[in-house]
Amino acid sequence: MKKCIFTLLTIAVCTMANAQDYKKAPSIGVHFILNDFKTATQIRTNGLIDVLNSKQYSNTKRMAPGMAISYIDGVSERLDYAVTLSGSFVDYPVPENVSNGNPNLLLEAVATANLKLVSDKYWFAPFLTAGVGASKYKGYFGALLPIGVGIQVKLIPGTFILLNSQYRIPVTTNNTAYHFYHSFGIAFNFKKAPTEPAAAITN
């Protein structure tokens, strides 16, 4: 009798475990962003050691604030994809074009894959991110490659705080520039993720 009860309990636990799915459901995120062109330029001109010694890389006064909105969805438990549109007013250092000193709207749209070290089951999930993107500044259009790292913190099931830092590499170097992109935001599920149907227990 005890063996039967133990077997039934084991089957029930395994069934519940198989039914649980930690793949991220479709989510919307809202983010505060900072675009940093000066640090990227300083690194390429004087080297990383000079930037570290100057201690200006964390000076937010050198950065251009903005906002972004993103759509995030799970491909698997540890892989999400995100599509993000961001905007900030900057005096964008477009190569080969003289700046007039007045800030204008920089729009950037990127699609990234976010590889998490653990699934959404855990409250803390570091991730790596990489993708492709496009930018628009006045009459200039460009292409770029974002690469970076991030942290996802689960507040409650389906709601996350997201921190992300990217180095954005220009593909069209004549009208786009190297820069860092930092974001802090919150994302929440607007649709439940589909779950695996529980396996039927047959006699």
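Note that the structure is a prediction, hence the values are computed from the model and not measured.
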Where do [X] and [Y] come nearest, in terms of heavy atoms and distance?
X      : Y      : result
Ser88  : Ile33  : CB-CD1, 4.4 Å
Lys23  : Ser76  : CG-O, 3.6 Å
Val149 : Thr129 : N-CG2, 4.1 Å
Tyr178 : Ala40  : O-CB, 3.6 Å

If you measure from [atom1] on [X] to [atom2] on [Y], what distance do you get to the nearest 0.5 Å?
X      : Y      : atom1 : atom2 : value
Asn189 : Ile28  : CG    : CD1   : 10.5 Å
Leu105 : Phe89  : CG    : CZ    : 4.5 Å
Met63  : Lys38  : CE    : NZ    : 10.5 Å
Lys154 : Phe160 : NZ    : CZ    : 6.5 Å
Leu162 : His31  : CG    : NE2   : 6.0 Å
Leu107 : Ser135 : CG    : OG    : 9.0 Å

Measuring centre to centre across the rings, with the benzene-like ring taken for any Trp, is Tyr167 within less than 6.0 Å of Phe180? yes
I'd like to check [X] versus [Y] (side-chain heavy atoms, cut-off strictly below 4.5 Å). Are they in contact?
X      : Y      : result
Thr112 : Pro146 : yes
Val118 : Arg78  : no
Val90  : Asn104 : no
Leu115 : Phe127 : no

When you look at Ile147 and Leu145, which way does the side chain to side chain contact (heavy atoms under 4.5 Å, CB included) test go after all the steps? CA-CA 7 Å; Ile147 57 172; Leu145 299 175; 5.6 Å; no
Hydrophobic clustering (ILVMFWY, side-chain heavy atoms < 4.5 Å, transitive) - are [Y] and [X] grouped together?
X      : Y      : result
Trp123 : Phe184 : yes
Phe190 : Tyr81  : yes
Ile156 : Ile151 : no
Leu106 : Tyr140 : yes
Leu79  : Tyr71  : yes

Report task. Return yes when atom CZ of Phe188 has more than 12 non-hydrogen atoms of other residues, nucleotides or ligands closer than 6.0 Å, and no otherwise. Result -> no
task = Inspect the surroundings of OH in Tyr122 and state if more than 12 heavy atoms from other residues, nucleotides or ligands are less than 6.0 Å away.
result = no
Regarding Gln152 and Asn114, do their side chains bring together a donor and an acceptor under 3.5 Å, going by distance alone? no
(message) Checking His179 against Glu108: is there a side-chain donor and acceptor pair closer than 3.5 Å?
(response) yes
If we ignore hydrogens and angles and just use 3.5 Å, is the side chain of [X] paired with the main-chain N or O of [Y] as donor and acceptor?
X      : Y      : answer
Thr172 : Asn174 : no
Lys24  : Pro26  : no
Asp80  : Ile72  : no
Tyr137 : Gly142 : no
Asn46  : Leu48  : no
Thr41  : Thr39  : no

Practice task
Carefully, step by step, assess Thr176 and Val171 under the rule side chain to side chain contact (heavy atoms under 4.5 Å, CB included).
Solution key: CA-CA 8 Å; Thr176 52; Val171 176; over 6 Å; no
| task | Test Val110 against Leu144 for side chain to side chain contact (heavy atoms under 4.5 Å, CB included), laying out the working first. | result | CA-CA 8 Å; Val110 301; Leu144 55 92; 3.8 Å; yes
### Message
What verdict does the side chain to side chain contact (heavy atoms under 4.5 Å, CB included) test give for Ile186 and Leu155, after you've listed the backbone C-alpha separation in whole Å, the side-chain angles of each residue and the deciding distance to 0.1 Å?
### Response
CA-CA 10 Å; Ile186 186 167; Leu155 295 178; 4.1 Å; yes
